[in-house]
*Asks:* 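Sharing a structure with you now.
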2 protein chains.
Amino acid sequence: MEFDQAKNKFIQTWGALGTQWGINKTMAQIHALLMVSPEALSMEDIMGELYISRGNASMNLRALIDWGIIFKEYKTGERREYFVAESNIDELARKIAKERSKREIKPTLRVLQEVSSIEETGSTEAAQFKTKTAELYEFVSRADSMLEKITDYKESWITKTIMKLMK
Amino acid sequence: MEFDQAKNKFIQTWGALGTQWGINKTMAQIHALLMVSPEALSMEDIMGELYISRGNASMNLRALIDWGIIFKEYKTGERREYFVAESNIDELARKIAKERSKREIKPTLRVLQEVSSIEETGSTEAAQFKTKTAELYEFVSRADSMLEKITDYKESWITKTIMKLMK
DNA sequence: TTTAACTTTCATTTATTATTGAAATTACAA
DNA sequence: TTGTAATTTCAATAATAAATGAAAGTTAAA
């Protein structure tokens, strides 16, 4: 396979993966592009490589910055902004995990907490509801703290976790 | 909060969470509904509770069955089918993890493998590409096997994993 | 300051994904 | 075997999400 082909395939695949994880295609593609670029890229560069509009590029670059997984870079004497991806993959994964926990898991926990606290009525339905939502709360809560624990190692956390699990 | 309110809030929240994870709203809602129902529900019941069409119900029930997280039940002397959710939450999480690994992680690994194997050209760009995609392959591969290890405990895997990680 | 390069915003358009509903199919009680 | 209740399929439609592009907003060099 040629480099250009491979690069394209990688960007497309990463984009498709994004959509399956609730991240929009362009955002994932920009991220993919920046990851494999040895140099920082400008918005123009990105628009050119991915054939996307200025507005699209601008909005998704911002979103990536909000996630903390790409950064702006300034070149001396140049007005335009350049972008680079977080280069450490463990750090990348940590940031994604943290952000998803904050945006999705934590709010869900709040709701589970709330709905599982309804008052006991006599009905079987309400009883089952309380039981199940409380169980879910327990589970999600533990999963979230497990994720925190794992990613708290900061470096090579996957390897370290596997080591611990093998013992 | 009233039971009916709480139930509705739970179903809506679960549905919204689904969309953030690439699962469609109705599928997540049906699953939520079945989880908190003490009795098996028929397609009619589900259509009525969620205000959705027959076709929608049928397609999403099928998808849930494909994921292995809900089951059909037959009542003797009755023609219609009833549905129940996997009642064990650890088991539910294991099945979801397994399915997502199969559908998303494994295919991604194949692509990463493929694109990181392009032949060395002299260019910096190609070199960075190879390095990064190989690194990603390593990482995703390890994350996937970590997930496998964790969920292989079958029962109360979250608790067990946390225990191991605390040592 | 002005000016122009560059970026952001957002109403509109386009693309994607989900849902409907009726016809076709299936399957089972009589 | 029917006859029919129940389910599935899928083309058409609706709902949602993403992308465009031009105008407004910023910023810094001249």
*Asks:* Whole angstrom is fine here: how far is it from CD1 in A/I52 over to P in D/dA18?
*Replies:* 14 Å
*Asks:* Can a donor-acceptor pair be found, under 3.5 Å and without considering hydrogens, that links the side chain of A/S58 to the backbone of A/R54?
*Replies:* no
*Asks:* Which whole-number value in Å describes the distance from B/K72 NZ to C/dA27 C1'?
*Replies:* 11 Å
*Asks:* Ignoring hydrogens and geometry, is there a side-chain-to-backbone donor-acceptor pair from B/K132 to A/S87 under 3.5 Å?
*Replies:* yes
*Asks:* Can you measure A/E44 atom CD to C/dT7 atom C1' for me and round it to whole angstrom units?
*Replies:* 11 Å
*Asks:* Which pairs pass ring pair (Phe, Tyr, Trp, His ring centres under 6.0 Å) with one or both residues in residues 96-123 of chain A, sequence neighbours excluded?
*Replies:* none
*Asks:* Restricting to pairs with a member in residues 156-166 of chain A, which pass side-chain hydrogen bond (donor to acceptor under 3.5 Å, both in side chains), not counting sequence neighbours?
*Replies:* A/T159-B/R142
*Asks:* Would you tabulate the side-chain donor-acceptor contacts of residues 63-77 of chain B under 3.5 Å, counting partners in other chains and residues two or more places apart, or write 'none'?
*Replies:*
unit_1: B/K72; atom_1: NZ; unit_2: B/E81; atom_2: OE2; d: 3.0
unit_1: B/Y74; atom_1: OH; unit_2: B/E81; atom_2: OE2; d: 3.4

*Asks:* Just compare D/dT8, C/dT20, C/dT8 and give me whichever is closest to any side-chain atom of A/M43.
*Replies:* C/dT8
*Asks:* State, to 0.1 Å, how close A/R100 and B/Q20 come at their nearest heavy-atom pair, and which atoms those are.
*Replies:* NH2-O, 2.9 Å
*Asks:* Are A/I158 and B/L147 co-members of a hydrophobic cluster defined by side-chain heavy atoms under 4.5 Å apart?
*Replies:* no
*Asks:* Show your working on side chain to side chain donor-acceptor pair (under 3.5 Å) between B/Q29 and B/Q12 and close with a plain yes or no.
*Replies:* CA-CA 7 Å; B/Q29 288 184 341; B/Q12 298 311 319; 3.3 Å; yes
*Asks:* Write down the distance between OH (A/Y82) and C1' (C/dA5), rounded to a whole number of angstrom.
*Replies:* 12 Å
*Asks:* Restricting to nitrogen or oxygen on both sides, can you table the protein-nucleotides 28-30 of chain C pairs closer than 3.5 Å?
*Replies:*
unit_1: C/dC28; atom_1: O2; unit_2: B/R79; atom_2: NH2; d: 2.6

*Asks:* Please determine whether side chain to side chain donor-acceptor pair (under 3.5 Å) holds for the pair B/N60 and B/N56, giving the CA-CA distance in whole Å, both sets of side-chain angles, and the decisive distance to 0.1 Å.
*Replies:* CA-CA 6 Å; B/N60 284 295; B/N56 196 7; 2.7 Å; yes
*Asks:* Mind listing the N/O atom pairs, protein and nucleotides 21-26 of chain C, below 3.5 Å?
*Replies:*
none

*Asks:* Can you tell me how far P of C/dT19 sits from CD1 of B/I46, to the nearest Å?
*Replies:* 14 Å
*Asks:* In this structure, how many angstroms lie between the P atom of D/dT7 and the CZ atom of B/R80, rounded?
*Replies:* 7 Å
*Asks:* Looking across every strand, which nucleic acid part, if any, lies under 4.0 Å from B/E81 by heavy atom: base, sugar-phosphate, or nothing?
*Replies:* sugar-phosphate
*Asks:* Are more than 12 heavy atoms, taken from residues, nucleotides or ligands other than A/E99, located less than 6.0 Å from that residue's CD atom?
*Replies:* yes
*Asks:* Residues of residues 23-33 of chain B with any non-hydrogen atom less than 4.0 angstrom from an atom of DNA chain D: list those, numerically ordered, please.
*Replies:* none
*Asks:* Measure the distance from CH2 on A/W21 to C1' on D/dA17 and round it to the nearest whole Å.
*Replies:* 20 Å
*Asks:* Say whether, by atom type as modelled, one donor and one acceptor occur between the side chain of B/D45 and the main chain of B/S42 under 3.5 angstrom.
*Replies:* yes
*Asks:* Nearest-Å distance, CG (A/L50) to P (D/dA18)?
*Replies:* 16 Å
